[in-house]
Each structure stands twice: as structure tokens, then as C-alpha cells.
Q: 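Sharing a structure below in C-alpha cells format, with a few things to ask.
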Amino acid sequence: MTEHRTNEVPKLHEVFANQFRIGAAVNPRTLVTQKDLLTRHFNSLTAENEMKFVSVHPEEDRYTFEDADRLMAFAKENGMAVRGHTLVWHNQTPNWVFENRSGGAADRETLLARMKSHIGEVAGRYKGSIYAWDVVNEAVSDSGEEILRPSKWLDIAGEDFIAKAFEYAHEADPDALLFYNDYNESVPAKRDKIYSLVKSLKERDVPIHGIGLQAHWGLEHPTLDHIREAIERYASLGVKLHMTELDVSVFAHEDRRTDLAAPTTEMLERQAERYGAFFKLFKEYSEHITSVTFWGAADDYTWLNDFPVRGRRNWPFLFDAQHQPKASFQSVLEAAR
Ligand code: GLA
């Protein structure tokens, strides 16, 4: 009977077929537990962790592609696209990448050579099957005057580690669309830094084709005006925009309460309003926005359980823990009309 209900509602990816792809981040578990939901409503997949540096390249001479390959096979069987995530990041990257044989810092040439061979191997393996890559993730600083956040990539290789990553990715798969991806992308101060970074890459003819707006959003923040301004500013660079990690937390950042076993009615109503408004905006800018990926698929699994508050659940998606459509799903459908 539940299944019957699920099968009656329109398929999300069909509803937006003329605007953008609808994606979900998955992991080896959710590929099994959410299989029906994924294949019904989504036409693009992203690996939550399984294509990150630490997952595929734990030691210099050892690559581990089993989980990533399984995701690729699932996508192929079900006719889905794949967005690759992510080639260069300061997190989830093993220490060996930055070290020399005696445990000190590697030199610039060594680090860039390792970056090149990593990107060549990973993007090369999935050449032609991954249509877009997050090449560099989260390199921009959230606060202060500096554009780039401190990282080992920056310390050792200098600012042009970013341009190098894009060049290597383009060599490895000349047809893949290459993205710079970041969070707090709609916060004006950080937005302007992301804009400047991408502008300077474009001016230097670095092969970059898009900006990924992670879109980890909440019930109040960012405001619609700030989201709209971010979209317009990024689009003015003539690049494609992907929403790459969309979820709508029901808790404000400062909210630390852990007593809720289920979302309140107000939370679900407000979340539905927000989702409706977001998709109206995405539709309005669909000339620029070509993909909208959620960072998960349904409320039975989200990285926001236990983060940033341990022992707390969250309910950030359009489908509930039983994979049934929520009010948020209905208001996204309405936004499509
Ligand atoms: C960032 C990364 C993602 C993921 C989330 C948390 O947004 O880009 O890969 O790690 O954090 O799940």
C-alpha cells in the first residue's frame, strides 16, 4: 500500500526534465536501502565519499575503486548520469600525499606530480562516464581578508594548485565539465571571494566550466535574496551552475536541542515553503542551472544526523524515512507548474 502511494506521484526528474538533472548523493548502503526511490525520482548520482582521495587512493601505489565502480555500474544499469566528487580537497586526503619519505613536507614538484597522477588515474578511469567533476572543493576561506583557506595544498604548491588541478582534469577527460564547488556560497562575503577566484581562473584561460553551489541550507538562512544574488553573480561569469549538495536542515545553526524524535509541524511547513521557493528560483534561472543534486535522498539517512550536534536527528529531504513524499515534495511539484 505504501508502495502504491509512492508510485502514484510524478517522478521528480521527469517533472524537471526540461530544466535540470535531479541528483542524489549515495553510498554503498543507500544504493541498496534506497534503490527504488533513487531509480524512480533521480537521474543523476554522486558518491557521498567513495570517489574522494582517501577512499580511492589510500596509499601512493594503491588505488581502491570497488565502491566507486559499483556506483558507476548502478548508474549505468539505470540510465543515470554521474557527477564526480571530488578530485582535490583539504579534507579526506591521506597524509602521504603531502609528505616526503622522511615524514617532512613534500616539495612542490612532488605534490603536483602526485596530484597529476591521482587526477589522471581517477578522472581517466571514468572518462566518458562521468559528465561533470568537482575538481576543487572548498578552497575559499570563510572569514578574514584572504581569498584562499590555509591548507597543505596551498602551503606546499602555492595558489596555482587550483589552476593545475583543472588543467590535469581537462587533460584526463577533455569532455568532462569541470567545477569549482563550495559551501556558504550564498553568504555575500564568501560569494565575492568565490566569484573573484573563478573570474581569475577564467581570465587565465584555465579550463573551468562551472561553479557548484553546495546549498546546505536551513529554514531561514540563506535568504532568498542572497541566493538570487549569488546565482546572478556567478552566472555573470558565463559558467554553468550546479546545485551540488542541497539539503534543508530543520535546525538553525545555533540550535543545539536534542530532544526531538520527529520534526515539528512548523518545521515541516516552513521546510516546504523553503523548498518551493528554491525550486521556483532554480526554474527561473534554469538557463544557467543545469543540475540540482540533493546530499542524500530521504530522511532515513543524512550526514546531518549527529552533525553538528551529536545524538540529534535531522529531516532535510523531500521524502521521509519511509520514502514517502513530504509536504516539501508537494511544494516542489507546485513550483514546477
Ligand atoms: C562537504 C563535502 C561533501 C561532504 C559534506 C558533508 O560539503 O563537499 O563531500 O563531505 O561536506 O557530508
Side-chain angles (χ1 to χ4, degrees), residues 23-31 34 44-58 67-68 71 82-94 97 118-119 122-123 126 130 132-142 148-149 151-153 161-162 165-166 169 177-187 190-191 193-194 197-198 208 210-218 221-222 227 230 234 241-251 253 278 291-310 312-317:
V26 295
N27 61 46
R29 229 182 101 75
T30 59
L31 274 183
Q34 300 183 332
S44 175
L45 294 180
T46 299
E48 184 186 15
N49 290 301
E50 294 66 29
M51 292 185 189
K52 289 173 179 173
F53 211 125
V54 73
S55 305
V56 295
H57 199 176
D67 287 336
L71 182 158
V82 180
R83 279 196 94 257
H85 176 83
T86 175
L87 297 170
V88 172
W89 190 22
H90 62 278
N91 268 331
Q92 292 182 258
T93 304
V97 177
H118 172 80
I119 292 177
V122 180
Y126 300 121
I130 288 191
W133 269 105
D134 291 329
V135 176
V136 176
N137 198 33
E138 303 181 349
V140 167
S141 168
D142 282 290
L148 299 184
R149 79 161 64 234
S151 75
K152 289 183 184 163
W153 291 112
F161 84 88
I162 298 176
F166 280 93
L177 298 172
L178 305 181
F179 281 72
Y180 174 74
N181 188 49
D182 215 328
Y183 68 93
N184 282 350
E185 73 300 312
S186 301
V187 174
K190 189 164 173 189
R191 173 200 73 205
K193 293 183 191 180
I194 295 171
L197 169 66
V198 174
I208 176 169
I211 297 178
L213 295 83
Q214 288 191 4
H216 291 292
W217 294 338
H221 295 287
I227 297 171
Y234 297 148
L241 306 183
H242 283 183
M243 302 292 154
T244 55
E245 305 186 15
L246 177 61
D247 49 25
V248 180
S249 168
V250 300
F251 297 103
H253 194 67
F278 296 156
S291 166
V292 177
T293 290
F294 294 81
W295 206 241
D299 289 346
D300 52 316
Y301 174 76
T302 165
W303 72 291
L304 292 170
N305 287 339
D306 291 315
F307 183 87
V309 176
R310 283 191 67 100
R312 185 181 75 183
R313 292 188 54 97
N314 209 320
W315 301 273
F317 298 121

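Position 1 is the first residue of the sequence; numbering continues from there. Read the numbers this way: they start at 1 and go in the same order the structure lists the ligands and their atoms.
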Q: If the condition is side-chain contact (heavy atoms from CB on, under 4.5 Å), which residues does N91 pass it with, not counting sequence neighbours?
A: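 In terms of side-chain contact (heavy atoms from CB on, under 4.5 Å), with neighbours along the sequence ignored, N91 is linked to W89.
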
Q: At a 4.0 Å threshold, what atoms of ligand 1 neighbour a non-hydrogen atom of E138?
A: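 So the answer, numbered in order with elements, is 1 (C), 2 (C), 7 (O), 8 (O).
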
Q: At less than 4.0 angstrom from any non-hydrogen atom of K52, what atoms of ligand 1 do you find?
A: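 That gives atoms 3 (C), 4 (C), 9 (O), 10 (O) of ligand 1.
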
Q: Do any nitrogen or oxygen atoms of W89 lie less than 3.5 angstrom from nitrogen or oxygen atoms of ligand 1?
A: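 No - when backbone and side-chain N and O of W89 are compared with those of ligand 1, no distance drops under 3.5 Å.
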
Q: Compute the shortest N/O to N/O distance between N181 and ligand 1 and return yes if it is under 3.5 Å, no if not.
A: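 It does not: no N or O of N181 is found under 3.5 Å from an N or O of ligand 1.
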
Q: Does any part of the side chain of M51, heavy atoms only, come nearer than 4.5 Å to the side chain of I130, both counted from C-beta?
A: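 A side-chain contact under 4.5 Å exists here.
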
Q: Consider only side-chain N and O atoms of N314 and S249, and report whether a donor and an acceptor are under 3.5 Å apart.
A: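 N314 vs S249: donor-acceptor pair found between side chains.
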
Q: Using a 4.0 Å heavy-atom cut-off, say whether T86 meets ligand 1 through its side chain, its backbone, both or neither.
A: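 It is neither; nothing of T86 touches ligand 1.
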
Q: For ligand 1, which atoms, with element, lie under 4.0 Å from some heavy atom of E245?
A: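 Answer, ordered by atom number: 1 (C), 2 (C), 3 (C), 5 (C), 7 (O), 8 (O).
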
Q: Can you tell which part of F307 has a heavy atom less than 4.0 Å from ligand 1: side chain, backbone, both or neither?
A: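 None of F307 does.
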
Q: May I ask you to list the atoms of ligand 1 that are less than 4.0 angstrom from any heavy atom of H216?
A: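 Heavy-atom distances to H216 below 4.0 Å select 7 (O).
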
Q: For W217, enumerate each residue passing the ring-ring contact (aromatic ring centres under 6.0 Å, His included) test, keeping only those at least two apart in sequence or located in another chain.
A: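 W217 satisfies ring-ring contact (aromatic ring centres under 6.0 Å, His included) with F278 once adjacent residues are dropped.
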
